[in-house]
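Remember, predicted model here, so these are calculated numbers, not experimental data.
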Amino acid sequence: MLVSFPYGEKSVVVELPDEQTKILSSREIPTFKNVEKEIVKRLEKPIAAPPLSSIVKKISKILIVIPDITRACPTKKIIEPLLELIERSSPAEVNILVANGLHRSITDKEIIELVGSKIAKEYQVINHVATDEAQLIRLGGHTAYGTPLVVNKLVIESDLVIGIGLIEPHFVAGYSGGRKILLPGVAGAEAIFNNHSYKMIDHPNSRVGILDGNPIHEDMMEFMKRTKLDFIVNVIINKDKKISGIFAGNPVEAHLAGIRELEKYVKVRYDRPSDIVITTNGGYPLDRDVYQTVKGMDTAAMVVRDGGVIIMVAECRDGLGGHEEFVRLVEGTNTPKEILERVRRAEPVYDQWQAQLLARVLKKAKVIMVTEGEKPNTLKKLQLDWAASLEDALELAKNIVGKTPTITAIPEGPYIIPTIK
């Protein structure tokens with residue numbers, strides 16, 4: 001059978017043996033004929049909240065918080081009708097804050113890519129920098145998990161805070177979207193470090209698809225309630241990255257409604273662990289750097305057998321994406337255990353959570369990267385192997401696990417949740 005894997009903005013096609021291969025794929029999600037019209041409809045009939053036009057009437061300062069450039073969130077399609085409604089309903093000052101978390105600031109060119117040239121020109125679009133004390137406000141106190149209440153001061157200074165987001169499976173927070181736009185999105189560095197600490201990541205409930213008892217999710221929820229998030233516009237997308245569900249309104253209720261809808265399509269049953277799992281990061285933009293590919297690897301690790309092989313197909317056009325600390329944390333180690341010990345000793349340090357999660361994957365399986373975006377010697381420092389093509393990777397994998405292996409293909413990578421039958 002021929003199987004296509006997203007790779008950047010293109011795809012890689014490979015022939016896999018029918019009798020040995022299973023494909024895990026999400027169910028088809030219906031889309032909208034007129035997305036802009038549907039967004040306005042949801043804004044005016046939101047979940048557990050008054051119509052947005054009535055909320056903004058007497059508001060003088062509005063903050064819209066948007067995901068950064070690494071997310072597949074169709075921010076431009078959401079923010080255009082949102083701003084048009086606000087402009088019609090209110091004379092309020094509107095600022096746009098990019099929720100970079102601890103990622104690098106995005107460039108002017110990337111701002112245009114995110115929101116469009118017209119909005120970039122007419123509105124102030126601000127990069128959140130988690131280490132910039134001038135941007136932050138300290139509210140005093142901590143969450144039940146010890147996370148300090150430090151957030152971008154625009155959140156507190158604004159009369160209304162609206163969060164835009166994409167609801168998708170998330171490898172430690174259960175699901176993205178909702179509360180996550182604040183923590184880690186626009187929180188201070190020390191708050192992010194605590195929420196993403198070794199102990200929090202190591203908790204057995206800090207996993208994809210889990211909310212109940214997930215300390216990372218619960219910490220984000222308390223942080224949101226003790227800072228400020230008034231209204232969200234979250235979406236779900238299909239395989240073609242088209243908007244397939246719109247959930248606007250109360251940050252808790254609208255987010256949960258989106259999760260319930262998403263679960264109908266992305267929870268996929270499988271009947272056996274496989275010798276080889278071929279996966280991706282869902283193509284661009286999530287596969288734009290090596291750092292983010294750990295998400296796709298983590299999904300594959302749920303399906304691969306102990307001692308098996310994961311093949312990660314990802315363009316990585318930005319190489320490490322500015323995450324040199326990720327390599328420094330792993331470089332010089334020879335086993336996953338050594339990575340974990342180093343992270344424990346070093347924390348708090350940038351990218352420690354990704355190194356910890358990489359080690360979790362490597363404890364389960366060997367990983368072969370198929371990418372043009374990063375050099376083999378850099379990947380080797382991360383305990384990752386490299387292959388020039390998917391066919392070459394398959395040959396390497398067969399030499400490790402045997403000549404007639406069972407294979408599972410996960411073209412969508414981290415956008416599905418495998419569940420064992």
Side-chain angles (χ1 to χ4, degrees), residues 1-26 72 171 239-241 268 270 272-321 358 361-362 364-416 418:
M1 71 177 79
L2 288 176
V3 184
S4 178
F5 295 89
Y7 183 86
E9 294 175 86
K10 300 178 181 178
S11 60
V12 173
V13 179
V14 70
E15 188 164 359
L16 299 173
D18 291 46
E19 65 280 2
Q20 296 162 229
T21 304
K22 299 278 187 181
I23 299 177
L24 298 187
S25 182
S26 65
F171 61 165
K239 297 175 190 177
D240 299 319
K241 297 185 172 64
V268 183
Y270 68 100
R272 53 156 174 79
S274 291
D275 299 315
I276 300 171
V277 178
I278 309 170
T279 192
T280 75
N281 238 37
Y284 184 84
L286 197 59
D287 80 342
R288 65 186 299 153
D289 61 60
V290 174
Y291 175 87
Q292 292 290 348
T293 62
V294 177
K295 293 179 178 178
M297 295 177 201
D298 190 70
T299 300
M302 298 171 70
V303 181
V304 74
R305 70 162 171 82
D306 289 344
V309 176
I310 294 167
I311 299 174
M312 166 54 68
V313 182
E315 183 188 41
C316 303
R317 65 176 65 175
D318 292 342
L320 290 171
L358 175 63
V361 172
L362 292 172
K364 187 91 179 283
K366 180 177 283 294
V367 178
I368 302 171
M369 290 282 298
V370 178
T371 181
E372 300 167 282
E374 191 51 81
K375 296 176 182 178
N377 61 341
T378 300
L379 297 174
K380 188 175 181 181
K381 292 174 183 177
L382 291 166
Q383 297 187 28
L384 303 172
D385 289 348
W386 175 83
S389 68
L390 186 43
E391 289 81 2
D392 288 351
L394 277 166
E395 284 304 311
L396 287 171
K398 288 175 184 177
N399 289 334
I400 294 167
V401 302
K403 293 296 181 182
T404 55
T406 54
I407 300 171
T408 295
I410 310 178
E412 295 165 81
Y415 296 113
I416 71 162

Self-check item: Thr279 (side chain) donor-acceptor with Ile410 (main chain) under 3.5 angstrom
Solution: yes
Quiz prompt | Pairing residues for Thr378 by the side-chain hydrogen bond (donor to acceptor under 3.5 Å, both in side chains) criterion, not counting sequence neighbours | solution = Glu374
Quiz item: What closest approach, in Å, do Thr299 and Pro414 show between heavy atoms, and which atom pair accounts for it?
Solution: OG1-CA, 3.3 Å
Exercise. Taking the side chain as every heavy atom from C-beta outward, state whether Ile407 and Ser274 have any atom pair closer than 4.5 Å.
Key: no
Indicate every side-chain donor-acceptor pair of residues 395-404 with a distance under 3.5 Å to a residue at least two apart or in another chain.
unit_1	atom_1	unit_2	atom_2	d
Asn399	OD1	Lys403	NZ	2.8
Asn399	ND2	Glu395	O	3.3

Quiz item: Would you call Gln20 and Thr406 a side-chain contact if the rule is heavy atoms closer than 4.5 Å?
Solution: no
Self-check item: Those residues that, when tested against Lys364, pass salt bridge (charged side-chain N to carboxylate O under 4.0 Å, His left out) (two or more places apart)
Solution: none
Self-check item: All side chain to side chain contact (heavy atoms under 4.5 Å, CB included) counterparts of Asp298, not counting sequence neighbours
Solution: Phe171, Arg360, Val361
Exercise. Could I get the full list of side chain to side chain contact (heavy atoms under 4.5 Å, CB included) partners for Glu9, not counting sequence neighbours?
Key: Tyr284, Arg317
Quiz item: Do any N or O atoms from the side chain of Asp287 and from the backbone of Glu315 form a donor-acceptor pair under 3.5 angstrom?
Solution: yes
Quiz item: Heavy-atom distance under 4.5 Å between the side chains of Asn281 and Met312, does that happen here?
Solution: yes
Quiz item: Any donor and acceptor pair, going by atom type alone, linking the side chain of Thr371 with main-chain N or O of Ala314 inside 3.5 Å?
Solution: yes
Practice problem: Taking the side chain as every heavy atom from C-beta outward, state whether Ile278 and Phe5 have any atom pair closer than 4.5 Å. | Solution: yes
Quiz item: Which residues pass the side chain to side chain contact (heavy atoms under 4.5 Å, CB included) test with Asp240, sequence neighbours left out?
Solution: Asn238, Lys242
